[in-house]
Amino acid sequence: MTSAPGPRPSAARHRPWPWCRQCTGIALDLGSARTRAWMSGRRSILDVPTVTVPGDSATHPVQRGTIVDTPGTARMLNRLLGHRLPRSGRPLLILTTPVLGGITYRAEARTAVEVLRPRTVLTVPTARAVAVAADSDPTRPLLVLDIGAHLTEVTLLADGAVTDARHTALGTSDLGTGDLGTGDLEGRTPAARLTDAVDAMVTAMLDQDRTSQTLDALQRGVLLAGGGALRPDIADHLSRRLRAPVRSVPAPHTAAVRGAARLLQAAHAHPSATGIPDMAHPH
């Protein structure tokens, strides 16, 4: 498990989004198992496996929240979106990123998306995008739990900014197909191992928090997103283990890209009123 520095007071500093009312916009969520994209002017979300090419020769360019094959990621994005872009003009692209992905992830992601000829690339933490999709109150502390195929993140948001985050390289791909999976040699099921990991991360956040933000957020309830939110056994186990409500965001597997799309639409509609938090980095 990896942790971010302990909570610190968050400043509500914002910068205006680069804006062009007529420009194409792309919201993109690069997952280890699925890549999801939304383009302005479309009603549906493009949802495809994260593979370099379809078929038996496919490889996975994103693994456990890390881009391991940047050229392969670029080829995948070109296949998915290249032919959908207008011949003239360059899109504004907002990309969700793992909260603890760091500079390396953002650099590799930006290199990969250059194949789409973006005018500007903005990154936003996945947890922030999920909170936007859930219409969460940004003025109150919020714990976001994102259980993906190969990565699980717990993030504390306060005033819309990330103040603490943890992750573990476990996800739904490790759980098997049954409700509880198959027990290991110690008798612990995959679901129990994931629950143990989440409990340990939340406990560490509580222990290191010199404020009441983590406790306040936990008492309000954990917001659950990602493919793991589609498994009722996971939410039930987590609620009992954390002794707190656990609620799933609607359509949890697409919450991140939908949140990014809403931020993109807000930027186009109200450029003077829409800001990006300090955790988002313009290209």
Side-chain angles (χ1 to χ4, degrees), residues 2 18 23-40 42 44-129 146 148-153 167-174 226-227 253-254 256-261 263-264 276 279-283:
T2 306
C23 288
T24 300
I26 300 174
L28 182 63
D29 179 38
L30 283 172
S32 298
R34 309 286 300 184
T35 289
R36 298 176 174 98
W38 177 88
M39 297 182 66
S40 53
R42 295 183 62 92
S44 60
I45 292 172
L46 300 171
D47 188 339
V48 300
T50 304
V51 295
T52 51
V53 295
D56 296 336
S57 59
T59 59
H60 300 275
V62 182
Q63 298 177 17
R64 304 285 178 187
T66 300
I67 297 176
V68 298
D69 181 1
T70 303
T73 303
R75 291 194 298 273
M76 177 193 69
L77 292 174
N78 188 49
R79 186 181 73 250
L80 175 64
L81 298 171
H83 65 286
R84 303 176 189 273
L85 294 173
R87 292 180 178 272
S88 61
R90 303 176 67 185
L92 168 62
L93 190 150
I94 179 167
L95 173 71
T96 66
T97 63
V99 177
L100 297 177
I103 295 173
T104 300
Y105 182 95
R106 292 194 296 271
E108 296 295 338
R110 285 172 173 156
T111 299
V113 301
E114 281 299 323
V115 72
L116 303 177
R117 300 179 296 105
R119 178 173 60 92
T120 303
V121 178
L122 298 169
T123 62
V124 64
T126 299
R128 163 91 165 117
D146 182 19
H150 302 129
L151 186 72
T152 295
E153 292 187 313
H167 74 198
T168 184
L170 284 173
T172 55
S173 65
D174 303 299
H253 55 304
T254 62
V257 73
R258 288 186 291 107
L263 290 171
L264 188 62
I276 55 177
M279 285 293 293
H281 303 269
H283 184 55

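Contact record, Leu100 with Glu153: N-OE2, 3.7 Å, taken as the closest heavy-atom pair. Heavy atoms only, all atoms of each residue included: Pro98 and Thr126 are closest at N-OG1, 4.0 Å. Here the shortest heavy-atom pairing between Leu264 and Gly25 reads CD2-C, 3.4 Å. Of all heavy-atom pairs between Ala74 and Ala112, the closest is CB-O, 3.5 Å. The shortest heavy-atom contact between Ser173 and Ala149 is OG-O, 2.6 Å. Here the closest heavy-atom approach between residue Gly72 and residue Pro61 is recorded as C-CB, 4.2 Å.
With rounding to the nearest 0.5 Å, the separation of CD in Gln63 from CG in Asp69 is 9.0 Å. Here the CD atom belonging to Glu114 is positioned 10.0 Å from the CZ atom belonging to Arg110, to the nearest 0.5 angstrom. Met39 contributes atom CE, which lies 11.0 Å from atom CG of Leu28 (distance to the nearest 0.5 angstrom). Of the inter-residue distances, the one linking Thr24 atom OG1 with Arg119 atom CZ reads 10.0 Å to the nearest 0.5 angstrom. Taking CG of Leu151 as the reference point, atom CG of Asp174 lies at 10.5 Å (rounded to 0.5 Å). Put simply, CZ on Arg75 and OG1 on Thr70 are 10.5 Å apart, with the number rounded to the nearest 0.5 Å.
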Determine, stepwise, if the pair Leu95 / Leu93 fulfils side-chain contact (heavy atoms from CB on, under 4.5 Å).
CA-CA 6 Å; Leu95 173 71; Leu93 190 150; 3.8 Å; yes
Just do the side-chain contact (heavy atoms from CB on, under 4.5 Å) check on Tyr105 and Ile67 with the steps written out, would you?
CA-CA 7 Å; Tyr105 182 95; Ile67 297 176; 3.7 Å; yes
His167 and Val99: CA distance, side-chain angles, deciding distance, side-chain contact (heavy atoms from CB on, under 4.5 Å) verdict
CA-CA 9 Å; His167 74 198; Val99 177; over 6 Å; no
Verify side-chain contact (heavy atoms from CB on, under 4.5 Å) between Leu30 and Met76, making sure each step is shown before the conclusion.
CA-CA 11 Å; Leu30 283 172; Met76 177 193 69; 3.7 Å; yes
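Side chain of Arg64 to main chain of His150: a donor-acceptor pair is present (N/O by atom type, distance under 3.5 Å, no hydrogens or angles). Looking at Arg84, its side chain does come within 3.5 Å of a backbone N or O of Leu80 through a donor-acceptor pair. At distances below 3.5 Å, not a single donor-acceptor pair connects side-chain atoms of Arg117 with backbone N or O atoms of Arg90.
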Identify all side-chain donor-acceptor contacts of residues 46-55 below 3.5 Å with residues at least two apart in sequence or on another chain.
| unit_1 | atom_1 | unit_2 | atom_2 | d |
| --- | --- | --- | --- | --- |
| Asp47 | OD1 | Arg34 | NE | 2.9 |
| Asp47 | OD1 | Arg34 | NH2 | 3.1 |
| Asp47 | OD2 | Arg36 | NE | 3.0 |
| Thr50 | OG1 | Gly31 | O | 2.8 |
| Thr50 | OG1 | Arg34 | N | 3.3 |
| Thr50 | OG1 | Arg34 | O | 3.2 |
| Thr50 | OG1 | Thr35 | N | 3.1 |
| Thr50 | OG1 | Thr35 | OG1 | 2.8 |
| Thr52 | OG1 | Thr59 | N | 3.2 |
| Thr52 | OG1 | Thr59 | OG1 | 3.0 |

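Under the 4.5 Å side-chain criterion, counting only non-hydrogen atoms from C-beta, Leu85 is in contact with Ile26. Under the 4.5 Å side-chain criterion, counting only non-hydrogen atoms from C-beta, Glu108 is not in contact with Thr66.
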